[in-house]
Structure formats: C-alpha cells, structure tokens
Asks: 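Sharing a structure, written as structure tokens. Questions coming.
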Amino acid sequence: MSQNHSGKTYDAILIGGGHNGLTAAAYLGRSGLRTLVLERREIVGGCCVTEEIAPGCRASTTSYIASMLRPEVIRDLKLAEFGLRMVPCDPALQVPFPDGHVVPWWTEREQTIAELKKISSKDADTFVRVDDQLKKLARFLQPFFLEPPPEPGTNSLDGWSDMLRVGKRFRGISTTEIAQLISFLTGSLGDFLDRNYESEKIKTLFLANNVYGKHGGPYQPGTALGLLFHLLSGGAEEVQGFYGHVIGGMGSITQALAKSAQSLGVEIRTSSSVAQIDIRNGRARGVVLEDGSEIRARMVLSNADPKRTFLGMIPANELPGDFLRTIRGIKMDGPCAKVNMVLAEEPRFTGTPANAGPLQRSLYTLVPSLEFAERCYDIAKFGEIPEELWVDCVIASNADDSLAPTGQHIMTCFVQYVPYRLREGNWDQKRALLGERVVRKIGEYAPNVPGAITAMQVLTPLDLERTYGLTEGNIFHGDLTLEQLFFMRPVAGWSQYRTPIAGLYLCGAGAHPGGGVTGAPGHNAAQQVLRDVKKGRLKEEFA
Ligand SMILES: Cc1cc2nc3c(=O)[nH]c(=O)nc-3n(C[C@H](O)[C@H](O)[C@H](O)COP(=O)(O)OP(=O)(O)OC[C@H]3O[C@@H](n4cnc5c(N)ncnc54)[C@H](O)[C@@H]3O)c2cc1C
C-alpha cells in the first residue's frame, strides 16, 4: 500500500484538473479506485472555466462554446444532475460582411438553405448535396472518438484485434467515399470550397468555424478536416454539428464534472502544482509537489500537455532518447489569443435584423473572405501581429443573463492567427496593441462597442501559457494536423494513453482524439487504465 504524508492512500493521481483530468478521475472513481486530482491553479477547469473579469461580471475566459462534449460523458457522469445546462446556439454561427449583410447558419437545415438561396440558389443546392456527404463521412469517424486508435506495427493479439475493429468500422464504405475521406484528411478547405461553391460569402460561412485554433490558412493542405470534425455529434441529444451556449459559462461543465467526481469518492486539491513525477525502476510511483511534499500512488495520469509532462516533470534519463526527440518535435506554437470584455451596452452589429432575438444577437464571426484569412495567417506565421484580425465574437450575456448585472454585457472574442513567437519585442510589450487592434476591428462591424467597454482582459499566447499552463499557448495541447492525429497523437507508437513509463498515462487533449472540450481523451484514458488493471498489466502496482 502506498501512503502520503497525511496517511491517505491512492490508486491513481491525476496531474491537472482540466475537464479531461476530471472526466478521467470520475470514471476511475466510479470503478472504485481511490483517486486524487492535483490542480496547480486555485480553481479546477483548465481551459474550460468561468472567471470574474470585473466585479460581478463573469466570462468563459478561454473556451466559450461547447460543441463536441461527448453525449456519453454527459450521461455517464450525470452532468445534468450536477447542474450542466446547455442552450443550442441558433444560429450556430453568423458572419456579418463589410457590406452590411449578415448571414446566419441556422440549426434547422431548411432555414439555412433558405438563407443561402438569397445569395445563390446554385450554392444552396450544392449545400444540400455536400452536407449529406459530409454527415455520412463524419459518421465513419464518429466511433473512433471514444476508443484508442490502433497501433499499426504491433504484433500482439490486442494489436491485431484493434486493427480488425478499425477494418470493421469501414465495412460498407465505397471507393468513392474512401477517396472523399482521404481528400478531406489531406486537402485544403479553400480548394474544396472553390471546387464546390461560387459565392464568396457562402465559402466564408464555411470558413468561419473550420480552421478554428489550428495552424494554417484555409488553402493549407489538411485544413478540410475541420469540416468533418465539426459534424461529430455533441450535446446531450447527440446532434450532429451541435453548438451550445453553456449556462453559467464553460466553467459549469467543469464544476459539474468536479461535483460528479467528488460524489464518486474522488478527492480534489487545488493550488497543488506537481513539480515531478516520482519514478522508481521505470515505474511511476507518485508525484512530488512544488512545495516538496510527496504523494504516492500506484499510477499517475497526466492531464498536462505532452511537452509539459515529458520534458518538465520527468528527468530526461528516465525516457528513451528517440521518444524525447519526437515529443520535442510536437508542433505547438499556439496561433490564437482571447480578449474578454465587459460592455455598458449591448453591441449593435450593423445589418442585424431589427427583429433578431437574443440568440441571433449572441454570435458574430468577423472574417470577410478566404483571402483575408490566408493573408492573416501568412503575416502571423512570420512573427507579426496582423493589422487586420480575424475575430470571433460571442455576446454570452445575450444567451445567459446570469453572467453580468442587468445593463452590463459580456463579450468574449477569440482571435484566430497571432504568433506565439514575435519577430520583434515580446507579448508583455505588445498586449495592449493586440487589444487595440481587436477593438478597432470589432468597431468596424459594431460601431458602439469601442465606447462601451468598461473592462477588458487580453490573453496573448504567452498569457495562455503562463496562466493556463498551455505550452507555447497551444489551445489543443498540440496542433490538430494529420501528422499529429490518430495513432500519431501524441507521437507514433504511444497513442493508447500509455507512456514509456509503466503506470504513467496521458489523459489530456495532447492524446487522441485531441483538443476541444470533448471529455474524450479523459474518458478513453480512464478506460485504458481500467482495462490494464483488469488484464493484470498493473499487477505489480496492485499486488
Ligand atoms: C482561448 C481558448 C479558446 C478555446 N475555445 C474553445 C471552444 O470554444 N470550444 C472548445 O470545445 N474548445 C475550445 N478550446 C480548446 C479547449 O478548451 C481545450 O482543448 C481543452 O479544454 C483542453 O482540456 P484538457 O482537460 O485536456 O486540458 P487543460 O484544460 O489544459 O487542463 C490541464 C490542466 O492541467 C493543469 N496542470 C498543468 N500542469 C500541472 C502541474 N504541474 N500540476 C498540476 N496541474 C497542472 C492545468 O492548470 C490545467 O488545469 C479553447 C481553448 C482556449 C485556450
């Protein structure tokens, strides 16, 4: 039996109380394992939190829309009973154009088709064909979300049965569908849209949510993948392409997860930063906290990203050299920022219909064209802050009046394409400049906003790293590109949540299937641990 200084014993320690760490902990707790979550910040939630940004005014400071939270996790962990409530975004997204035309993408397909017909009836017809095709292809990928990828090259019985499982998933797929799937995995969003649509506005509508948080302008190979990714089902009702406002902000998800985990016996400690994973004879035996205290456990699951885990918490001599090299090579280099605002009046975006309800007035993606986006990425990739920014605005208080006192409004703004590494100066010097450019851009579409700001929080990629623990500010714990996905996430050979250290697992967004508030890596890692326990892989630890 292992023991810490307080005399308690643990089967599993989770490093990090992000939504994936909490999800994994809850599943382990549910299976009767004595589980402890150690979170470095004073609150749990990682990048899925609601925080006060001015007295009485709360915002989803980092992630802000729930789209792919796994319905299985919501149900298994009874998140609704623990207070989680989501309201579908309707429209799911909306793009205002510089000519004053605002184009919404409604959740009701017929309504969207009618909206597109106003722009191009040919494109509206294409939309029906393409949407059906995408939804069908996305269904092939859906099951992979909640299971470990196969490890090609393994010769074990498990390895072969994994490969068989994958083969079965594609039973019935046609040659045309395989070709389509490959072209979505490797092709560019821009080329796909140019091939299929004639209207720039309709192409831009597709762009608005499909390269979210990733590297690469819309013409970069691999960017078409987002089209499929966002059609995976989400929300309690398993709706394909679900987008939801979370009542109480995104922190309500992690508060519900924490309560669920605690109800299953999980212990959670905040302000408890892990300095080192304790390894003896190649096995994880517990952790050492920043304050020097040691806590023993039979296994350790890290919710921190792969670089932070393997390069920051484990002595280099405990890991194989080629493994360390591939971990160092993971592309992070976070390309986004976030600006959160309190406003003294509601933003008035030009072109919004006079009869638009609060939900329609709650989200606007400011990106006028694919060319604009491509240029924006080009500038950022050379280490400069684009003068003209792509900003995704959510007026969260229109969907949820609990966030701010009456008369005040919360707007959170995601900034797509800024560099982590600046060519000149540093982010502490350039934070204010970023804030000014975001406000200026929003003012072009909603002229009353610049004069209505009463508080503003600017989170640069460096702030995302410092405050939220994201290496190089990468919001997904590693870019979501084909070479960093599936059996190559976090690195080839280690995609099944295990690591070269026995008893140490990865359970965060750096593991399959990747980033976003899904709960999937946490769920899958916990299932892998439980399978290993059952199969006796962790026999020594459990002896
Ligand atoms: C600005 C921004 C906007 C985003 N927008 C969206 C969105 O709208 N929708 C969406 O689905 N996704 C969005 N994302 C992505 C999504 O939030 C993340 O991919 C996801 O939350 C990652 O969850 P996680 O639990 O794997 O990791 P994290 O949330 O990063 O949690 C890891 C936890 O580990 C803790 N930790 C790290 N090191 C240690 C240590 N040494 N000791 C103890 N604890 C430690 C951290 O403090 C953190 O709490 C956004 C992210 C950001 C940053």
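What's counted below: heavy atoms across the whole structure, side chains too, no hydrogens, waters or symmetry copies. Since the model is a prediction, treat every value here as computed from it, not as a measurement.
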Asks: Are any side-chain N or O atoms of Gln276 and backbone N or O atoms of Asp278, one a donor and one an acceptor, separated by less than 3.5 Å?
Replies: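 Such a contact is absent between Gln276 side chain and Asp278 backbone.
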
Asks: Has the side chain of Thr254 got a donor or acceptor atom that lies under 3.5 Å from a matching backbone atom of Gly45?
Replies: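 Pair absent, no side-chain N/O of Thr254 close to backbone of Gly45.
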
Asks: Hey, does the side chain of Thr467 reach the backbone of Leu464 with a donor-acceptor pair shorter than 3.5 angstrom?
Replies: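 Looks like no, no N/O pair under 3.5 Å.
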
Asks: Who pairs with Asp123 by salt bridge (charged side-chain N to carboxylate O under 4.0 Å, His left out), at least two apart in sequence or on another chain?
Replies: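 Salt bridge (charged side-chain N to carboxylate O under 4.0 Å, His left out) list for Asp123, sorted by chain: empty.
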
Asks: Regarding Thr126 and Asn196, do their side chains bring together a donor and an acceptor under 3.5 Å, going by distance alone?
Replies: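 The criterion, which ignores hydrogens and geometry beyond distance, is not satisfied for Asn196 and Thr126.
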
Asks: I'd like to know whether CZ of Arg85 has more than 12 heavy-atom contacts from other residues, nucleotides or ligands below 6.0 angstrom.
Replies: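 Counting other residues, nucleotides and ligands, CZ of Arg85 stays at 12 neighbours or fewer.
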
Asks: Look at atom NZ of Lys78 and say whether more than 12 heavy atoms of other residues, nucleotides or ligands are closer to it than 6.0 Å.
Replies: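 Incorrect, the count does not exceed 12.
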
Asks: Donor-acceptor pair, distance only, cut-off 3.5 Å: does the side chain of Thr223 make one with the backbone of Leu189?
Replies: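 Such a contact is found between Thr223 side chain and Leu189 backbone.
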
Asks: Return the minimal non-hydrogen interatomic distance between Val246 and Ser252, and the atom names on each side.
Replies: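 For Val246 versus Ser252, the nearest heavy atoms are CG1-CB, 3.8 Å.
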
Asks: For the OH atom of Tyr212 and the CH2 atom of Trp390, what is their distance to the nearest 0.5 Å?
Replies: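 Between Tyr212 OH and Trp390 CH2, I get 10.5 Å after rounding to 0.5 Å.
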
Asks: Just by modelled atom types, is the Asp479 backbone N or O under 3.5 Å from a matching donor or acceptor in the Lys331 side chain?
Replies: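 Side chain of Lys331 to backbone of Asp479: no pair is present.
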
Asks: Going through the checks in order, is the salt bridge (charged side-chain N to carboxylate O under 4.0 Å, His left out) test met by Asp131 and Lys135?
Replies: CA-CA 6 Å; Asp131 193 49; Lys135 282 185 173 148; 3.0 Å; yes

Asks: Ignoring hydrogens and geometry, is there a side-chain-to-backbone donor-acceptor pair from Glu374 to Tyr219 under 3.5 Å?
Replies: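 Yes, Glu374 side chain to Tyr219 backbone: donor-acceptor pair under 3.5 Å.
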
Asks: Tell me whether the count of non-hydrogen atoms from other residues, nucleotides or ligands lying under 6.0 Å of CG in Asn281 goes above 12.
Replies: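 Atom CG in Asn281 is not crowded, with 12 or fewer foreign heavy atoms closer than 6.0 Å.
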
Asks: I'd like to know if the side chain of Asn524 and the backbone of Phe145 have a donor-acceptor N/O pair within less than 3.5 Å.
Replies: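 Answer holds: yes.
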
Asks: Between His215 (side chain) and Thr481 (backbone), is there a donor-acceptor pair under 3.5 Å?
Replies: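 Absent.
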
Asks: Kindly say whether Trp106 contributes a backbone atom to a donor-acceptor pair with the side chain of Thr112 at under 3.5 angstrom?
Replies: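 Checked: pair present.
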
Asks: Between Thr460 and Asp463, do the side chains contain a donor N or O and an acceptor N or O under 3.5 Å apart?
Replies: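 A pair is found: one side chain offers a donor N or O, the other an acceptor, under 3.5 Å apart.
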
Asks: Measuring only between side-chain heavy atoms, which start at C-beta, is Pro148 closer than 4.5 Å to Arg531?
Replies: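 Yes, at least one pair of side-chain atoms sits under 4.5 Å.
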
Asks: Report the C-alpha separation of Trp105 and Phe206 in whole Å, then their side-chain angles, then the decisive distance to 0.1 Å, and conclude whether the ring-ring contact (aromatic ring centres under 6.0 Å, His included) test is met.
Replies: CA-CA 9 Å; Trp105 182 313; Phe206 276 97; 5.2 Å; yes

Asks: When you look at Asp322 and Arg325, which way does the salt bridge (charged side-chain N to carboxylate O under 4.0 Å, His left out) test go after all the steps?
Replies: CA-CA 5 Å; Asp322 51 354; Arg325 266 191 300 283; 5.3 Å; no

Asks: Could you check whether any side-chain N or O of His19 sits under 3.5 Å from a backbone N or O of Thr518, counting only pairs where one atom can act as donor and the other as acceptor?
Replies: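 Yes, His19 side chain to Thr518 backbone: donor-acceptor pair under 3.5 Å.
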
Asks: Taking the six-membered ring for Trp and the full ring for Phe, Tyr or His, determine whether the centres of Tyr497 and Tyr505 are under 6.0 Å apart.
Replies: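 No.
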
Asks: A side-chain contact here means heavy atoms from C-beta on lying under 4.5 Å apart; do Ile501 and Glu318 qualify?
Replies: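 Yes - at least one pair of side-chain heavy atoms lies under 4.5 Å apart.
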
Asks: With Arg169, which residues qualify under salt bridge (charged side-chain N to carboxylate O under 4.0 Å, His left out), at least two apart?
Replies: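 Once residues adjacent in sequence are excluded, the partners of Arg169 under the salt bridge (charged side-chain N to carboxylate O under 4.0 Å, His left out) criterion are Glu147.
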
Asks: Dump the intermediate steps for salt bridge (charged side-chain N to carboxylate O under 4.0 Å, His left out) on Arg129 and Asp132, then the final yes or no.
Replies: CA-CA 5 Å; Arg129 176 174 56 78; Asp132 287 345; over 6 Å; no

Asks: Is it true that the side chains of Glu465 and Tyr420 contain a donor and an acceptor less than 3.5 Å apart?
Replies: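 Result is yes, a qualifying pair exists.
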
